[in-house]
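On a predicted model such as this, the values are computed, not experimentally measured, just so you know. Order of the sequence lines sets the chain letters (A, B, ...), proteins ahead of strands, with each chain counted from 1.
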Number of protein chains: 2
Amino acid sequence: MNLKSLAEALGLSQTTVSRALNGYPEVSEATRQRVMEAAQRYSYTPNSRAKGLATGRTMMIGQVIPTTLKHEMVNPVFGDFVAGASQALSEHGYDMVFTRVPDIDESRIYREFNARRVVDGVILQGPAISDTRIPLLNEIGLPFIVHGRSSGVSEPYNWVDVNNRRSFERATQFLIDLGHRRIALLNGLDHMDFAFRRRQGYLDAHADSAIPTDPALMHSEEMTEEYGHRLAVSLLASEDPPTAFLCASMIAALGVRRAIQEAGLRMGPDVSVITHDDDLSYLKNGSDMPIFTATRSSVRQAGELLAESLVQLIKDPSVVPIQKMLEAELVVGSSTGPAPKRT
Amino acid sequence: MNLKSLAEALGLSQTTVSRALNGYPEVSEATRQRVMEAAQRYSYTPNSRAKGLATGRTMMIGQVIPTTLKHEMVNPVFGDFVAGASQALSEHGYDMVFTRVPDIDESRIYREFNARRVVDGVILQGPAISDTRIPLLNEIGLPFIVHGRSSGVSEPYNWVDVNNRRSFERATQFLIDLGHRRIALLNGLDHMDFAFRRRQGYLDAHADSAIPTDPALMHSEEMTEEYGHRLAVSLLASEDPPTAFLCASMIAALGVRRAIQEAGLRMGPDVSVITHDDDLSYLKNGSDMPIFTATRSSVRQAGELLAESLVQLIKDPSVVPIQKMLEAELVVGSSTGPAPKRT
DNA sequence: TTCTTCACTCAAAGCGCTTTGAAATTCGAT
DNA sequence: ATCGAATTTCAAAGCGCTTTGAGTGAAGAA
């Protein structure tokens with residue numbers, strides 16, 4: 001059933017039917033009722049491609065996933081983020097489309113997105129430091145919003161981000177206050193902006209308390225459980241082991257916990273651990289008493305907020321840059337304690 | 001730049017240009033070269049909506065995510081699955097689109113997908129027992145493939161699934177052979193087909209060895225870390241505690257491990273644990289020596305296979321039902337050992 | 001009664017592409 | 001030269017929708 005046949009069935013013109021359906025004022029209430037009812041009865045749904053072709057709108061939001069950087073997609077955090085974002089998008093009638101492309105092609109894809117009019121806007125994930133995609137998208141003129149920020153990009157752009165620097169500064173300060181002096185940092189990949197900011201926070205806290213940092217304690221890699229485990233094992237076995245760990249993700253923290261237990265130590269009394277907690281639905285940090293002391297910020301909520309902002313942006317591209325900073329809370333669990341006295 | 005202007009610039013008709021671009025034989029090689037080169041130079045990309053409108057193809061694969069059943073989306077397994085599937089899809093030029101809808105609307109959405117010609121095919125996730133979406137999609141005639149199967153659906157449909165019954169039967173048998181008699185089953189949600197099959201495997205193994213099962217040991221819920229923990233805590237504290245746990249997911253198994261350690265027991269020597277391992281990239285079960293003894297099957301690969309099949313199906317709908325069964329391997333790690341002697 | 005207005009409704013022109021059916025050109029064969 | 005077949009190109013008709021600009025009646029004003 002298409003517009004034409006519906007119009008014929010009703011004995012009306014396509015124009016009138018279209019107008020009635022889309023709520024234009026030029027059609028009488030009686031007619032509108034009749035049309036609506038018929039549309040219902042014949043279960044007519046407009047063809048979205050035709051509609052898009054005519055209106056220039058697609059009601060789709062794009063997300064490009066570079067192929068070789070497999071992390072994005074498989075990262076559990078991504079799932080929760082998408083859940084939040086698609087939730088919000090769907091409320092405005094938008095769907096989400098994922099395109100995987102080889103790394104090199106990424107810029108081409110954005111241009112194509114624009115040329116082919118395949119999406120109305122784009123979400124940019126995992127910004128690196130001085131991310132080149134931002135100037136690119138600005139130049140193309142495709143509405144977009146970044147999940148995170150990109151240090152080194154001077155031009156304005158829209159973003160939603162967690163205050164990574166502050167939250168890691170607070171976490172580090174918390175450990176310092178407990179007497180820890182050797183704090184290991186298990187950070188995300190070096191070139192990622194969020195990792196950069198977290199390291200800043202870590203360094204700032206040390207500087208504030210005039211505590212020297214040790215490069216041997218600062219690491220960055222893909223945040224897997226294995227990585228957390230491997231690194232904790234080697235650090236704990238080192239000459240001058242850390243008394244505390246600051247992790248960039250729950251998953252890595254699980255690995256750290258495993259290493260601590262294997263070493264015959266207790267998490268909390270013997271070795272302290274703080275992790276960033278994205279509040280993943282499948283990996284809750286305890287509902288009553290948190291297992292890990294953590295800087296918590298729901299990535300799902302970030303997704304919702306971001307999607308909401310993007311929709312608004314598409315509706316009215318003239319709004320000033322949307323820039324929303326979320327603060328992470330520091331929740332205290334049983335994984336931290338005073339630094340053990342040196343023997 | 002659109003077809004029309006490109007054709008004008010070349011002094012050719014739209015037809016010829018379109019044909020040249022789409023590799024039709026009716027155009028001379030020389031002309032084709034000229035057109036190709038011009039398309040490149042003007043960086044012309046066809047508008048996909050217009051193309052879709054004319055051809056009836058969208059190059060999009062849909063996935064519907066019911067809103068209230070939030071699990072699908074946030075389940076870490078989902079991320080890896082999508083990574084695999086979208087990888088394969090992209091190689092054939094397909095993108096993936098997610099639509100979130102309230103539970104009740106799901107059937108309406110499929111009809112709309114079809115009516116609005118918004119996708120060329122659909123992936124069905126998380127089939128329940130006697131899942132009604134399957135007959136619905138069959139009736140609509142929209143090409144689809146199920147990730148999993150649905151017991152109780154008699155009509156033919158396409159699927160890719162892991163042999164859940166067999167893998168859990170083997171795992172259970174493995175525990176029985178080690179002398180375990182009280183094996184707890186931490187299963188997924190009851191109405192899910194995969195959970196049903198796993199329970200079957202568990203029951204079959206018990207029956208084969210004439211070992212009675214205890215309803216108090218069989219549980220099903222959403223597979224979170226918390227659930228694994230909570231349940232293991234209460235089971236370990238019970239009158240007649242299990243000596244082994246069989247978990248449907250790594251995440252839940254992590255919770256079980258935590259509970260075991262909190263109880264002052266050792267995983268392996270004191271309490272055995274086997275889990276199903278979807279081989280998630282962020283939650284590897286140890287690369288050299290597996291932590292958990294596990295039934296392993298890469299959900300990422302399943303995604304690839306499924307996507308590949310769907311593409312094939314769309315290309316040629318006449319192919320007999322595609323039904324692919326994957327076998328999980330049983331990898332032995334350090335989480336299992338002989339049943340401890342009763343004190 | 002005639003002229004304006006207003007409220008509705010309509011035919012037709014796009015949107016950018018594919019594809020059909022026909023026309024023009026080339027070329028070897030008669 | 002002439003013809004037919006093969007090769008190459010084209011104009012135009014959709015695909016299903018929105019939207020413009022015009023048309024039709026009916027109601028109200030003169």
S.K.: Provide, to the nearest angstrom, the distance between the CG atom belonging to L3(A) and the C1' atom belonging to dA11(C).
M.R.: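 L3(A) atom CG is separated from dA11(C) atom C1' by 14 Å.
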S.K.: Measure the distance from CG on L12(A) to P on dC17(D) and round it to the nearest whole Å.
M.R.: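 Taking atom P of dC17(D) as the reference, CG of L12(A) is at 15 Å.
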S.K.: Please verify the inter-ring angle class for F78(A) with F81(A); under 30° counts as parallel, over 60° as perpendicular, anything in between as tilted.
M.R.: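 Tilted: the ring planes of F78(A) and F81(A) meet at 30° to 60°.
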S.K.: Below the 4.0 Å mark, does dC10(C) have OP1 or OP2 next to a side-chain nitrogen or oxygen of T15(A)?
M.R.: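 No, because none of the side-chain N or O atoms of T15(A) sits under 4.0 Å from OP1 or OP2 of dC10(C).
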S.K.: I need the CG-P distance between L6(B) and dG16(C), as an integer number of Å.
M.R.: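 After rounding, the gap between these two atoms is 14 Å.
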S.K.: Quick one: L10(A) CG to dT9(C) P, roughly how many Å, whole number?
M.R.: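 The distance from CG of L10(A) to P of dT9(C) comes to 11 Å, rounded to the nearest Å.
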S.K.: For S150(A) and D193(A), does a side-chain donor sit closer than 3.5 Å to a side-chain acceptor?
M.R.: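 D193(A) and S150(A) do not have a side-chain donor-acceptor pair below 3.5 Å.
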S.K.: Nearest whole angstrom, please: distance from the P of dT18(D) to the CZ of R49(B).
M.R.: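 Checked: the CZ to P distance equals 12 Å.
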S.K.: Remember a base hit wins even if backbone is also touched, and classify T55(B) as base, sugar-phosphate or nothing at under 4.0 Å, heavy atoms.
M.R.: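 Sugar-phosphate only.
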S.K.: Within residues 21-35 of chain B, find the residues that approach DNA chain D with a heavy atom at under 4.0 Å, and present them sorted by residue number.
M.R.: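 Listed by number, they are E26(B), V27(B), S28(B), T31(B).
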S.K.: Rounding to a whole Å, what distance do you find between K4(B):NZ and dT18(C):C1'?
M.R.: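 Going from K4(B) (NZ) to dT18(C) (C1'), I get 16 Å.
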S.K.: Separation of N47(B) atom CG from dC17(D) atom P, in whole Å?
M.R.: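 Roughly 17 Å, once rounded to whole Å.
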S.K.: When you match A54(B) and T16(B) each to their closest nucleotide on DNA chain D, which lands nearer the 5' end?
M.R.: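 In this pair, the answer is T16(B).
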S.K.: Can you pull the salt bridge (Lys or Arg N to Asp or Glu O under 4.0 Å) pairs that have at least one residue in residues 81-90 of chain B, sequence neighbours excluded?
M.R.: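 Of all non-adjacent pairs touching residues 81-90 of chain B, none passes salt bridge (Lys or Arg N to Asp or Glu O under 4.0 Å).
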S.K.: Should E37(A) and R34(A) count as an ion pair when the cut-off is N to O under 4.0 Å?
M.R.: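 Salt bridge between E37(A) and R34(A), a charged N being under 4.0 Å from a carboxylate O: no.
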S.K.: Taking 4.0 Å as the cut-off, does a side-chain nitrogen or oxygen of S13(A) come that near to OP1 or OP2 on dT9(C)?
M.R.: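 No, outside the criterion.
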S.K.: Rounding to an integer number of Å, can you tell me how far L53(A) CG sits from dG14(D) P?
M.R.: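 To the nearest whole Å, that distance equals 17 Å.
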S.K.: Tell me yes or no: between the side chains of T99(A) and D95(B), is some donor less than 3.5 Å from an acceptor?
M.R.: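 D95(B) and T99(A) do have a side-chain donor-acceptor pair below 3.5 Å.
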S.K.: Is a salt bridge present between E106(B) and R100(B), judged by a nitrogen-to-oxygen distance below 4.0 Å?
M.R.: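 No, E106(B) and R100(B) are not salt-bridged.
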S.K.: How about Q87(A) and E304(A): does a side-chain donor come under 3.5 Å of a side-chain acceptor?
M.R.: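 There is no such pair (donor and acceptor under 3.5 Å, judged by atom type) between the side chains of Q87(A) and E304(A).
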S.K.: Could you pick out which residue, P46(A) or Q14(B), lies toward the 5' side of DNA chain D when each is mapped onto its nearest nucleotide?
M.R.: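 With P46(A) and Q14(B) compared, the 5'-side residue is Q14(B).
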